[in-house]
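Everything below concerns the one structure shown next.
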Amino acid sequence: MAKRVGVLTSGGDDPGMNAAIRAVVRAGLRNGCEMYVIFEGYKGLVENNIYKVDRSAVSEIISRGGTVLKSARLPEFKDINVRKKAIANLRKNKIDALVCIGGDGTYMGAMRLTEMGINCIGVPGTIDNDIASTDYTIGFDTCLNTIVECTDKIRDTTESHQRCSIVEVMGRRCGDLALFAGIAEGVDMIITPDHPISDEDIIENLKEWKKAGKKHVMMIVSENIYANIAAFAAQITKETGYECRAEVLGRIQRGGSPSAQDRVLAARLGAHAIDLIMEGKGGLCVGLINNKVVHYDINEALQLPRDKHMNLLRLIDLLK
Ligand code: F6P
């Protein structure tokens, strides 16, 4: 009997989610599955926002940012009674398996649903690159390129006005976006959760640079490090001689057409998710390690230590 497979996107959206949805739907149909989409992530499962689709439903979405299935965060999904409603709706639609595209919160939901009898496969879709079971998450590359494009522009005006700019980027608790963007930009300082620098040390460095005649300074910091980054910029202006501006890039980082790299990653991982479902597997998540498509048990994946990219951290000082 043909399998009936659903796909949803959950958590923060990212460029490449649509390419992943397309890959899952098309690969599923090719394997003889009936394919269903769930709108608004786990919320849509609970509210039975579920529709059968054919291949044309995912036409022309490969290059679009965001997620055509919409996304939602549903903290209540931790509650077993809420999940029971989701399971009841899946049973009502006779859906046997689910592909859940998102970050670690999405993986947690996928694991719980698998424990309750629906085979789920997690696909890493988040700009944050904070999932240890893959070298890169879908969306990270596009986001990085957006940050670099914006920071290039900020650099132009920073240089003209001989200022100091602090660019704050997303990443939740993960510093990869700041680290990779900082290296791509050749900035003077990168501050991330894995590479913290005290306010005192930053101020001291800036004073020394000013004394040595350095005209302008570019810094990249991860979000959630400064409670009030504008206040810190004001402190720098007051204490170092550099006129400092803070730039919080915000949600511009999550939008836009996915890069070729993110589209290819989405195609590879979406197709692998369907391979696993065809083998009757669940409770797994797919990823790319050393350019090979792999999968892990979700429980294991969530415990894996993240690569802190110490080899890249070294470049900050080396290339200054
Ligand atoms: O997880 C993706 C992400 O963009 C994080 O980098 C950021 O901390 C968070 O989502 C912001 O979420 P929201 O748009 O719901 O405020």
Side-chain angles (χ1 to χ4, degrees), residues 8-21 39-44 61-75 77 100-107 109 123-131 134 136-158 165-182 184-185 187 190-193 218-233 245-263 265-266:
L8 61 79
T9 52
S10 161
D13 67 344
D14 72 68
M17 273 186 163
N18 284 328
I21 295 164
F39 285 91
E40 291 187 73
Y42 292 121
K43 179 167 174 276
I61 65 169
I62 198 165
S63 59
R64 281 167 60 186
T67 162
V68 291
L69 297 184
K70 318 298 177 207
S71 195
R73 300 191 199 272
L74 186 69
F77 208 63
C100 305
I101 305 166
D104 51 5
T106 308
Y107 278 21
V123 173
T126 165
I127 59 166
D128 297 335
N129 212 39
D130 57 351
I131 296 185
T134 186
Y136 298 107
T137 53
I138 300 165
F140 175 70
D141 182 65
T142 310
C143 177
L144 191 54
N145 281 293
T146 302
I147 294 171
V148 166
E149 190 188 331
C150 294
T151 309
D152 280 348
K153 290 176 179 162
I154 295 167
R155 172 194 293 283
D156 290 344
T157 174
T158 305
S165 286
I166 317 179
V167 181
E168 185 187 278
V169 303
M170 281 187 164
R172 217 162 34 127
R173 289 179 298 276
C174 176
D176 285 13
L177 283 169
L179 177 61
F180 281 65
E185 279 289 327
V187 296
I190 303 175
I191 303 147
T192 77
M218 291 294 294
M219 291 161 50
I220 291 203
V221 308
S222 298
E223 66 177 349
N224 299 324
I225 289 187
Y226 296 100
N228 185 345
I229 196 156
F232 186 50
R245 297 281 190 273
E247 313 289 349
V248 179
L249 295 188
R251 280 164 197 76
I252 197 166
Q253 297 165 90
R254 281 220 306 251
S257 176
S259 65
Q261 189 152 310
D262 276 330
R263 296 182 205 188
L265 182 61

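- Residues Asp14 and Thr142 are not in side-chain contact: their nearest non-hydrogen atoms beyond the backbone lie 4.5 Å or more apart.
- In terms of heavy-atom proximity, Asn224 sits nearest to Arg172 at ND2-O, 3.2 Å.
- Judged purely by distance below 3.5 Å, without hydrogens or angles, the side chains of Ser259 and Asn145 never pair a donor atom with an acceptor atom.
- Looking at Thr157, its side chain never comes within 3.5 Å of a backbone N or O of Lys153 through a donor-acceptor pair.
- In this structure, CD1 in Ile191 is found 7.0 Å from CD1 in Ile225, a value given to the nearest 0.5 Å.
- Side chain of Thr137 to backbone of Ile127: no donor-acceptor contact under 3.5 angstrom is found.
- Rounding to the nearest 0.5 Å gives a distance of 13.0 Å between NZ of Lys43 and CG of Leu8.
- Between the side chain of Asn18 and the backbone N or O of Gly66, at least one donor-acceptor pair lies under 3.5 Å.
- Leu177 is not listed as a side-chain neighbour of Asn129, based on a closest heavy-atom distance of 4.5 Å or more.
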message: Checking Leu249 against Ile154 for the side-chain contact (heavy atoms from CB on, under 4.5 Å) test, could you report, in this order, the C-alpha distance in whole Å, the side-chain angles of both residues, the deciding distance, and whether it holds?
response: CA-CA 11 Å; Leu249 295 188; Ile154 295 167; 4.0 Å; yes
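- Under the 30°/60° scheme for interplanar angles, the aromatic rings of Phe140 and Phe180 are found to stand perpendicular.
- Across Ser222 and Cys174, no two heavy atoms sit closer than the pair OG-O, 4.4 Å.
- Remark: the backbone N or O of Lys70 is not paired with any side-chain donor or acceptor of Asp13 at under 3.5 angstrom.
- One distance of note links CD of Gln261 with CG of Leu144; it measures 9.5 Å at 0.5 Å rounding.
- Atoms CD1 and CE, on Ile229 and Met219 in that order, are 7.5 Å from each other to the nearest 0.5 Å.
- Between Val221 and Ala178 the shortest heavy-atom distance is C-CB, 4.2 Å.
- The two residues Ile138 and Ala20 make their nearest non-hydrogen contact at CD1-CB, 4.2 Å.
- Between Gly125 and Met17, the shortest heavy-atom distance links the atoms O-CE, 3.7 Å.
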message: Would Gln253 and Ile147 count as a side-chain contact (heavy atoms from CB on, under 4.5 Å) here? Give the steps.
response: CA-CA 7 Å; Gln253 297 165 90; Ile147 294 171; 3.4 Å; yes
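- In this structure, a donor-acceptor pair under 3.5 Å is present between the side chains of Ser257 and Arg263.
- How far OH of Tyr226 is from CZ of Phe232: 4.0 Å, rounded to the nearest 0.5 Å.
- Looking only at distances, a side-chain donor or acceptor of Glu223 sits under 3.5 Å from a matching main-chain atom of Gly171.
- Of all the heavy atoms in Thr106 and Cys100, the pair that sits closest is CG2-CB, 3.7 Å.
- With Asp141 contributing its side chain and Asp262 its backbone, the two residues share no donor-acceptor pair below 3.5 Å.
- A donor-acceptor contact shorter than 3.5 Å is absent between the side chain of Asp128 and the backbone of Met170.
- Put simply, CD1 on Ile21 and OG1 on Thr67 are 3.5 Å apart, with the number rounded to the nearest 0.5 Å.
- In this structure, Tyr136 and Pro124 have side chains that are not in contact, with every pair of non-hydrogen atoms separated by 4.5 Å or more.
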